[in-house]
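Here's the structure, in structure tokens; my notes come after.
Letters A, B, ... are given to chains in the order of the sequence lines, protein chains preceding strands, and every chain is numbered from 1.
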There are 2 protein chains.
Amino acid sequence: MKNCLQELRRQKGWSQADLASHLNVSRQTVNALERGRYDPSLPLAFAIARLFGRAVEQVFDPDPE
Amino acid sequence: MKNCLQELRRQKGWSQADLASHLNVSRQTVNALERGRYDPSLPLAFAIARLFGRAVEQVFDPDPE
DNA sequence: GGGGAATGTAAAGCGTTCTTTACATCTGGC
DNA sequence: GCCAGATGTAAAGAACGCTTTACATTCCCC
């Protein structure tokens with residue numbers, strides 16, 4: 001599933017490790033999400049959306065595959 | 001995580017099996033979600049939200065635990 | 001061109017999400 | 001009371017989400 005995580009992270013000037021610590025997940029998890037290796041769990045998706053002040057639908061896009 | 005799946009399903013007059021077939025998951029999965037035994041995957045959460053014409057945030061509520 | 005930070009990737013392991021099969025209970029109509 | 005549909009639950013197994021450790025690569029900056 002597509003997402004704009006990398007763009008949102010860079011807007012904050014954060015490294016993947018920075019974002020990981022804000023989300024309480026590992027850096028590898030952030031990397032995997034940005035690279036679309038898998039989708040986050042629903043709780044993590046909510047945490048990401050909240051961190052960036054967006055709706056889940058504005059971060060993750062299920063439609064374009 | 002809280003959700004209002006059962007209420008939305010009943011508004012449609014659907015059984016758990018009906019909802020399951022609309023979502024292409026098993027009836028046990030619908031039952032488990034309604035009873036809060038686990039959270040859906042992100043793609044399934046999107047499918048549920050879309051089916052009921054709602055945002056993910058209007059079906060699943062992360063805050064009140 | 002050397003060095004450190006950032007990023008990409010891999011493997012093993014654990015818990016979660018979802019499946020199938022199967023059975024128990026509850027409900028409502030007849 | 002009986003029966004059928006709806007719901008709850010269990011167990012075993014496959015696939016996924018996330019962890020830790022570890023190493024390779026890329027990117028700057030000097």
Side-chain angles (χ1 to χ4, degrees):
Chain A
M1 185 183 304
K2 275 199 175 178
N3 71 71
C4 57
L5 199 47
Q6 180 168 321
E7 187 186 335
L8 291 169
R9 172 177 64 82
R10 288 187 169 155
Q11 284 174 9
K12 295 269 193 183
W14 288 344
S15 68
Q16 292 180 347
D18 292 333
L19 176 53
S21 68
H22 277 92
L23 294 171
N24 292 313
V25 296
S26 69
R27 179 181 69 80
Q28 285 79 350
T29 293
V30 169
N31 185 276
L33 294 178
E34 285 193 359
R35 303 192 56 81
R37 297 170 63 82
Y38 50 73
D39 297 321
S41 67
L42 188 57
L44 181 52
F46 272 115
I48 291 168
R50 178 169 30 202
L51 180 61
F52 291 110
R54 292 192 166 204
V56 171
E57 286 86 350
Q58 293 172 330
V59 181
F60 300 93
D61 194 353
D63 300 327
E65 162 55 8
Chain B
M1 185 183 303
K2 275 199 175 178
N3 70 70
C4 56
L5 199 46
Q6 179 167 320
E7 186 185 336
L8 291 170
R9 172 177 64 83
R10 289 187 167 157
Q11 285 174 10
K12 294 268 193 182
W14 286 345
S15 68
Q16 291 180 348
D18 292 334
L19 176 53
S21 69
H22 277 91
L23 294 170
N24 292 313
V25 296
S26 68
R27 178 181 69 80
Q28 285 79 350
T29 293
V30 168
N31 185 277
L33 294 178
E34 284 192 0
R35 302 191 56 81
R37 295 170 65 83
Y38 49 73
D39 297 322
S41 66
L42 188 57
L44 180 52
F46 271 116
I48 292 167
R50 178 169 29 203
L51 180 60
F52 290 110
R54 293 193 166 204
V56 172
E57 286 86 351
Q58 294 172 330
V59 181
F60 300 93
D61 194 353
D63 300 327
E65 163 53 12

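A/Ser26 meets the side-chain contact (heavy atoms from CB on, under 4.5 Å) test with A/Gln28, A/Thr29; sequence neighbours excluded. B/Arg54 is linked by a salt bridge (charged side-chain N to carboxylate O under 4.0 Å, His left out) to nothing, counting only residues two or more places apart in sequence or in another chain. With sequence neighbours left out, B/Arg35 forms a salt bridge (charged side-chain N to carboxylate O under 4.0 Å, His left out) with no residue at all. Taking B/Asp39 as the reference, nothing meets the side-chain hydrogen bond (donor to acceptor under 3.5 Å, both in side chains) condition, with sequence neighbours excluded.
Two residues are said to be in side-chain contact when any heavy atoms from C-beta on lie closer than 4.5 Å; A/Val25 and A/Leu33 fail this criterion.
OP1 or OP2 of D/dT19 sits under 4.0 Å from a side-chain N or O of A/Ser26. Considering only side-chain N and O atoms, A/Thr29 lies nowhere under 4.0 angstrom from the phosphate OP1 or OP2 of D/dG17.
Listed by first then second residue, pairs satisfying salt bridge (Lys or Arg N to Asp or Glu O under 4.0 Å) with a partner in residues 41-53 of chain A read A/Arg50-B/Asp63, not counting sequence neighbours. Residue pairs meeting the salt bridge (Lys or Arg N to Asp or Glu O under 4.0 Å) criterion with at least one member in residues 11-26 of chain A: none, sequence neighbours excluded. Sorted by first and then second residue, the salt bridge (Lys or Arg N to Asp or Glu O under 4.0 Å) pairs involving residues 21-34 of chain B (not counting sequence neighbours) are B/Arg9-B/Glu34. Listed by first and then second residue, the ring pair (Phe, Tyr, Trp, His ring centres under 6.0 Å) pairs that reach into residues 1-40 of chain B are B/Trp14-B/His22, sequence neighbours excluded.
Counting non-hydrogen atoms under 4.0 angstrom, A/Asn24 reaches the backbone sugars and phosphates but no base.
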### Task
Kindly indicate, with the supporting measurements, whether the criterion side-chain contact (heavy atoms from CB on, under 4.5 Å) is fulfilled by A/Ile48 and A/Asn3.
CA-CA 11 Å; A/Ile48 291 168; A/Asn3 71 71; over 6 Å; no

### Derivation of the side-chain contact (heavy atoms from CB on, under 4.5 Å) call for B/Leu8 and B/Leu51
CA-CA 10 Å; B/Leu8 291 170; B/Leu51 180 60; over 6 Å; no

### Task
List the steps, then state whether side-chain contact (heavy atoms from CB on, under 4.5 Å) holds for B/Val56 with A/Phe60.
CA-CA 11 Å; B/Val56 172; A/Phe60 300 93; over 6 Å; no

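Between its opening and closing five pairs, the helix from C/dG1-D/dC30 to C/dC30-D/dG1 changes axis direction by 40°, a value rounded to 10 degrees.
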Heteroatom pairs (N/O) under 3.5 angstrom, protein to nucleotides 7-14 of chain C:
from: C/dT7; atom 1: OP1; to: A/Arg9; atom 2: NH1; distance (Å): 3.0
from: C/dT7; atom 1: OP2; to: A/Gln16; atom 2: N; distance (Å): 2.7
from: C/dG8; atom 1: OP1; to: A/Arg35; atom 2: NH1; distance (Å): 3.0
from: C/dG8; atom 1: OP2; to: A/Gln16; atom 2: NE2; distance (Å): 2.8
from: C/dG8; atom 1: OP2; to: A/Asn31; atom 2: ND2; distance (Å): 2.5
from: C/dG8; atom 1: N7; to: A/Arg27; atom 2: NH1; distance (Å): 3.3
from: C/dG8; atom 1: O6; to: A/Arg27; atom 2: NH2; distance (Å): 2.9
from: C/dT9; atom 1: OP2; to: A/Arg35; atom 2: NE; distance (Å): 2.8

Could you list, one pair per line, each protein nitrogen or oxygen that sits under 3.5 Å from a nitrogen or oxygen of nucleotides 25-30 of chain D, together with the distance?
none

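Within a heavy-atom distance below 4.0 Å of DNA chain D, the residues of residues 38-54 of chain A found are A/Tyr38, A/Asp39, A/Pro40, A/Ser41, A/Leu44.
Among all heavy-atom pairs drawn from A/Met1 and A/Asp61, the shortest one is CG-O, 3.3 Å.
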